[in-house]
Amino acid sequence: MPAQKIESGHQDTVHDVAMDYYGKRLATASSDQTIKIIGVSNSASQHLATLTGHQGPVWQAAWAHPKFGSLLASCSYDGRVIIWKEGNQNEWTQAHVFDDHKSSVNSIAWAPHELGLCLACGSSDGNISVFTARQDGGWDTSRIDQAHPLGVTSVSWAPSTAPGALVGSGLVDPVLKLCSGGCDNTVKVWKPYNGVWKMDCFPALQMHTDWVRDVAWAPNLGLPKSTIASASQDGKVIIWTVAREGDQWEGKILNDFKTPVWRVSWSLTGNILAVADGNNNVSLWKEAVDGDWQQVTTVEP
């Protein structure tokens, strides 16, 4: 499939691109303080809307599952998280603004839809907040105070099905866990106990020697283990795995890219990892039968 060039129309750096559930629209987040919605088809792209309301660079945008309607979340250097709602087609309003954080909100992630409408946010103030929508239209807030005291860079939810469970078995309670990366060079896994979020990995996962820039929990589709990828300023991507609940996570270096690694993202089936590094390369990696990770391809810019 040939690459398609899309003019975003932003006046400054684009920090994040998120595709909606149906693959029909992109949301782009930029230092120009706006989010743009772009319609994409096989042959063309079309600017649909510009969302204004942040007062600083917008770091990430995230689409909610369509069963909750047409909703988009964004987070910014201004410390705010905005939930945008589409009323009439391409007409967006601010449905909710969270200003619980005292400094930059660097990462947002919607929980698996089985858990309801629930958004995790990681901030430079060291805290993670989790906002859950109520039936009455309000939001409940829970927090992980000082999750990474030097700052939280990234958050990612575990799949809602437990490792090894049959997909859609529906009999098991959905898994409620998330992982985070931070400026303390660690990756941490969190789980609520009686409504209070506590660390679920001991000790914290520490193999990186510099800031963790991104974490991504892999879909497991019936696989017998949990897997997290972490990317760091130190140039390394590490694959963390744990077989059973309560076991120790094990870390394995996927590759040393010799340049800061910005983002990691899993394919929908969880068997291919995309890595974006500081040399403007995006590479795709796959685990071989012997457990080693091999580069499958490089995405040409």
Side-chain angles (χ1 to χ4, degrees), residues 3 13-18 59-60 104 106-107 109 122 124 147-159 163 178-190 199-220 223-243 247-301:
T13 307
V14 175
H15 298 289
D16 193 29
V17 180
W59 301 129
Q60 278 188 8
S104 177
N106 302 316
S107 180
S124 291
H148 298 268
L150 301 174
V152 183
T153 56
S154 46
V155 288
S156 178
W157 290 87
L178 57 87
C179 64
S180 60
C183 304
D184 57 3
N185 311 349
T186 70
V187 174
K188 295 179 180 177
V189 179
W190 307 93
M199 230 166 92
D200 192 52
C201 60
F202 300 100
L205 310 185
Q206 186 143 21
M207 276 175 64
H208 289 297
T209 55
D210 205 336
W211 287 19
V212 176
R213 286 285 182 188
D214 197 23
V215 289
W217 203 312
N220 59 32
L223 294 174
K225 59 186 178 183
S226 294
T227 304
I228 294 170
S230 60
S232 168
Q233 189 72 17
D234 66 14
K236 294 183 179 69
V237 169
I238 292 176
I239 305 291
W240 305 91
T241 53
V242 67
D247 283 1
Q248 293 279 0
W249 288 81
E250 289 178 16
K252 182 173 190 174
I253 295 172
L254 170 126
N255 190 41
D256 184 351
F257 291 84
K258 308 278 198 269
T259 179
V261 189
W262 295 104
R263 297 295 289 274
V264 278
S265 177
W266 292 98
S267 64
L268 289 174
T269 47
N271 62 341
I272 292 179
L273 182 71
V275 178
D277 67 43
N279 289 332
N280 293 338
N281 292 322
V282 176
S283 51
L284 302 181
W285 298 77
K286 192 169 189 171
E287 189 177 11
V289 181
D290 60 7
D292 279 345
W293 286 81
Q294 297 172 341
Q295 186 170 335
V296 192
T297 181
T298 302
V299 181
E300 294 298 327

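Atom set for the values below is all heavy atoms of this structure, side chains included, hydrogens, waters and symmetry mates excluded.
For Trp249, there are no side chain to side chain donor-acceptor pair (under 3.5 Å) partners, not counting sequence neighbours. Annotation: side-chain contact (heavy atoms from CB on, under 4.5 Å) contacts of Thr209 (sequence neighbours excluded): Asp234. Considering only residues two or more places apart in sequence or on other chains, Ala109 meets the side-chain contact (heavy atoms from CB on, under 4.5 Å) condition with Val155, Trp157. In this view, Trp211 satisfies the ring-ring contact (aromatic ring centres under 6.0 Å, His included) rule with no residue, not counting sequence neighbours. When the side chain to side chain donor-acceptor pair (under 3.5 Å) test is applied to Ser283, the partners found at least two apart in sequence or on another chain are Trp285. Trp262 is linked by a side chain to side chain donor-acceptor pair (under 3.5 Å) to nothing, counting only residues two or more places apart in sequence or in another chain. For Ala229, the side-chain contact (heavy atoms from CB on, under 4.5 Å) criterion is met by Ile239, Val264, Trp266, Leu273, not counting sequence neighbours. Legend: residues meeting side chain to side chain donor-acceptor pair (under 3.5 Å) with Thr298, ordered by chain and number and at least two apart, are Gln295. With sequence neighbours left out, the salt bridge (Lys or Arg N to Asp or Glu O under 4.0 Å) criterion links Asp16 to Arg263. Shown here are the side-chain contact (heavy atoms from CB on, under 4.5 Å) partners of Val17, two or more places apart in sequence or in another chain: Val14, Leu26, Thr28.
Expressed to the nearest 0.5 Å, how far CD of Gln294 lies from CG of Leu254 amounts to 10.5 Å. Atoms CD1 and CG, from Ile228 and Leu205 in turn, are 6.5 Å apart once rounded to the nearest 0.5 Å. Expressed to the nearest 0.5 Å, how far CG of Asn220 lies from NZ of Lys225 amounts to 11.0 Å.
Side-chain atoms of Ser265 do not come within 3.5 Å of backbone N or O of Ala274 as any donor-acceptor pair. In this structure a side-chain-to-backbone donor-acceptor pair under 3.5 Å is missing from Ser154 to Ser107. The closest donor-acceptor contact from the side chain of Gln248 to the backbone of Phe202 lies under 3.5 Å. Without hydrogens or angle criteria, Asn106 side chain to Val152 main chain gives a donor-acceptor distance under 3.5 Å. Using modelled atom types, no side-chain atom of Ser156 and backbone atom of Cys179 make a donor-acceptor pair closer than 3.5 Å.
Residues Val187 and Ser230 approach most closely at CG2-CB, 3.6 Å, considering heavy atoms. Among all heavy-atom pairs drawn from Ala204 and Thr186, the shortest one is CB-CB, 4.0 Å. The heavy-atom pair separating Lys286 from Asn271 by the smallest distance is CG-O, 3.5 Å. Of all heavy-atom pairs between Ala218 and Pro159, the closest is O-CG, 3.2 Å. The nearest pair of heavy atoms linking Trp190 to Met199 is CE3-N, 3.6 Å. In terms of heavy-atom proximity, Val261 sits nearest to Gly235 at CG2-O, 3.5 Å.
Pairs passing the salt bridge (charged side-chain N to carboxylate O under 4.0 Å, His left out) check and including a residue from residues 264-282, sequence neighbours excluded, do not occur. Annotation: salt bridge (charged side-chain N to carboxylate O under 4.0 Å, His left out) contacts involving residues 247-256, sequence neighbours excluded, comprise Lys236-Asp256, Arg244-Asp247, Lys252-Asp292, Asp256-Lys258.
No side-chain heavy atom of Asn255 sits less than 4.5 Å from a side-chain heavy atom of Trp293. Trp240 is not listed as a side-chain neighbour of Val215, based on a closest heavy-atom distance of 4.5 Å or more.
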CA sep, side-chain torsions, deciding dist, call: His148, Asp184, side-chain hydrogen bond (donor to acceptor under 3.5 Å, both in side chains): CA-CA 6 Å; His148 298 268; Asp184 57 3; 2.9 Å; yes
Go through Asn185 and Ser232 one step at a time and tell me if the side-chain contact (heavy atoms from CB on, under 4.5 Å) criterion holds. CA-CA 8 Å; Asn185 311 349; Ser232 168; over 6 Å; no
